[in-house]
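To start, the structure under review is shown below, and the notes come after it.
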Amino acid sequence: MKKLMLGNEATARGLYEAGCRVVSSYPGTPSTEITEYAAKYDEIYCEWAPNEKVALEVAFGASLAGARAACCMKHVGLNVAADPLFTMSYTGVNGGLVICVADDPGMHSSQNEQDSRHYAEAAKLPMLEPSDSREAKEFAKIAFELSEKYDTPVLLRTCTRIAHSQCSVELEERLDTPIKEYVKNPQKYIMAPANAIKRHPVVEERHKTLSAYAETCPLNRAEYSSENSLGIITSGTCYDYVKEVFGESVSVLKIGLVNPLPTKLILEFASRVERLVVIEELDPYIENYCKSLGLKVDGKNIFPICGEFSQRIIASALSKDTSEFVAINPVPVRPPVMCAGCPHRGLFYVLAKKKLTVLGDIGCYTLGSAAPLNAIDSVLCMGASVSGIHGFNKALGEKSENKTVAVIGDSTFMHSGMTGLANIAYNGTNSTVIIVDNSITGMTGHQQNPTTGYNIKGDPATKIDLEALCRALGINRVRVVDPYDLKATEAAVTEEISVNEPSVIISRRPCALLKYVKAKPSLTVDNEKCRSCKMCMKIGCPAISMKDGKARIDATLCVGCEVCKQLCSFNAIVGGDE
């Protein structure tokens, strides 16, 4: 049976067919749907962990017990999971362990263009890279086989285009993979220095064995053309672009096992072509390896090191006619905005009004940095707002004229904000942290988290009490406000930034897009009363515009939150609770 599948859905299918029993992940675009699709299979236990480090450690625990397990994350999530990742390379596995990581060339939803292949090289772990949905499924299954055969975690790298593109996938039955017996082995699994020093040579020997496997494995294959003037080495989605541009007219070495790379295979391929070109997105990973072998190769000297590739980019760089490939022409910019009725809008309006320095974090509330609010000064990584405000205030001596606040979402706070808040309490700064609690993980598509009261399947689960948690971390001043109430929100912010101790404000209102949140009737504008002052435009609500010099509210977008109504001094915005 065949089915049209997204790359992420196909990867999940591969986990299922391989007999995977446990999947623990943290949502992060473009990887999120792997776990969401895996959760549809009752045979797989799936969960959202508080962060990627926890998720990978959960997956390791399941592997240690003898079950096949997986962990899924985006590229920056692998940074969070790097601590257990490197040591797992030493311990090896019991049941197969696959780590799915999705890179984001072009930064469609990320803060950097990190190339995860470097992690595989640094940790000396095998990494597979599929080129489409069909391979995503097959490579996931092969990854488990390699994991158990070579006693190692295996990385499965995809990217945005593979994760979210579709092709036909052949569905197969699930393997009845038994749980392996757990045998106590302190020398293998307890990474105290005396044991770890003995495991390092094991890792090096495994790498040599995998290097030999790379030379003949079916994951790497040479496709020779009758005309061998040009030879291209490539992998992942770039392989598809190359085939679309050149068809069978050039020789191609497709690399599916990107670490370790196949030395003999590359040298043999290079010897049979006149010109060697490496086509790969982001860093010159394969290119540098080829150069280390003494090969003359073109790569980043003709291809960009930044952003996604396309058929047109490849054709143009290699002097091929580009007319058959659609040009990516500049289009009018439509910047992302917070949704109509977004509970974060009222808070950011208050912060902008008070001209505070705001250290932001990763989530849909990052959009508070956009015009007209322009309310955020810094965004670094998950949890950095809370840690950063402590350093910011310590550096400035906590002067009253340098008042700052940190803003972090409920899911991000559980991910990596708690330790920063503990640091504020322990080392003492008069820092105000605002937790924007919209009762969901919003940016990645409404996933549950430990504060929502539901698990990945929507079943009731333990709900973390944010107020109690903050107090337990050492914060005495904790208060909750409704960001739809501008006066109350401003009063809370004003008071908390003026006190001489750490404080937390929880700005709580569910995301307006949640299914259980019912919109109120749309507000309207009384044109007779409207003075065209444009105060209502200062909140950047997409439902509000100016037409013929008067404010206008789009009834198809307005959810009746009444934030704009509170800004109108002329009572021109009507409806709601009147």
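The residues of the chain are indexed from 1 along the displayed sequence. What you see is a predicted model, and the numbers here were worked out from it, not measured in a lab.
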**Report entry** Between Thr177 and Arg21: side-chain donor-acceptor atoms closer than 3.5 Å
**Finding:** no
Report task. Quick one: list whatever passes salt bridge (charged side-chain N to carboxylate O under 4.0 Å, His left out) with Glu57, sequence neighbours left out. Result -> Lys53
Report task. Please identify each residue that fulfils salt bridge (charged side-chain N to carboxylate O under 4.0 Å, His left out) with Arg117, with sequence neighbours left out. Result -> Asp115, Glu280
Report task. State which residues pass salt bridge (charged side-chain N to carboxylate O under 4.0 Å, His left out) with Arg509; sequence neighbours excluded, sorted by chain then number. Result -> Asp482
Query raised in the report: Between Lys300 and Glu287, does at least one N-O distance fall below 4.0 Å, as a salt bridge requires?
Result: no
Report task. Apply side-chain contact (heavy atoms from CB on, under 4.5 Å) to Thr263 and list each qualifying residue two or more places apart in sequence or on a separate chain. Result -> Glu215, Leu267, Tyr289, Leu293
Query raised in the report: Is the shortest side-chain N to carboxylate O distance from Arg161 to Asp240 below 4.0 Å?
Result: no
Query raised in the report: For the ring pair Tyr16 and Tyr41, is the centre-to-centre distance below 6.0 Å?
Result: yes
Query raised in the report: Which residue pairs pass the salt bridge (Lys or Arg N to Asp or Glu O under 4.0 Å) test when at least one of the two sits in residues 2-13, sequence neighbours left out?
Result: Lys3-Glu9, Arg13-Glu17
**Report entry** ring pair (Phe, Tyr, Trp, His ring centres under 6.0 Å) against Phe144, all qualifying residues, sequence neighbours excluded
**Finding:** none
Query raised in the report: Can you name the residues that form a side-chain contact (heavy atoms from CB on, under 4.5 Å) with Ile456, not counting sequence neighbours?
Result: Thr35, Ala39, Cys46, Trp48
**Report entry** Within 6.0 Å of NZ in Lys457, more than 12 heavy atoms from elsewhere
**Finding:** yes
Query - Contacts of Tyr213 that satisfy ring pair (Phe, Tyr, Trp, His ring centres under 6.0 Å) - sequence neighbours left out - result: Tyr150
Query - side-chain hydrogen bond (donor to acceptor under 3.5 Å, both in side chains) evaluation trace for Asp361 with Thr412 - result: CA-CA 8 Å; Asp361 226 290; Thr412 311; 5.0 Å; no
Report task. Using a cut-off of 6.0 Å, state whether more than 12 heavy atoms not belonging to Glu244 lie near its atom CD. Result -> yes
**Report entry** Partners meeting ring pair (Phe, Tyr, Trp, His ring centres under 6.0 Å) with Phe269 (sequence neighbours left out)
**Finding:** Tyr224
Query raised in the report: Under the ring pair (Phe, Tyr, Trp, His ring centres under 6.0 Å) test, which residues partner Tyr45, sequence neighbours left out?
Result: none
Report summary line: Applied to residues 56-111, the ring pair (Phe, Tyr, Trp, His ring centres under 6.0 Å) test, sequence neighbours excluded, yields Tyr90-His200
**Report entry** Test item: Thr209 side-chain N/O and Glu205 main-chain N/O as donor-acceptor pair under 3.5 Å
**Finding:** yes
Query - Intermediate values then yes/no, side-chain hydrogen bond (donor to acceptor under 3.5 Å, both in side chains), Ser24 and Glu47 - result: CA-CA 5 Å; Ser24 183; Glu47 68 177 24; 2.8 Å; yes
Report task. Please list, chain by chain and in numerical order, all residues satisfying side-chain contact (heavy atoms from CB on, under 4.5 Å) with Ala62, sequence neighbours excluded. Result -> Val22, Ala69
Report task. Start with the C-alpha gap between Asn51 and Ser416, add the side-chain angles, then the distance that decides, and say whether side-chain hydrogen bond (donor to acceptor under 3.5 Å, both in side chains) holds. Result -> CA-CA 7 Å; Asn51 64 35; Ser416 48; over 6 Å; no
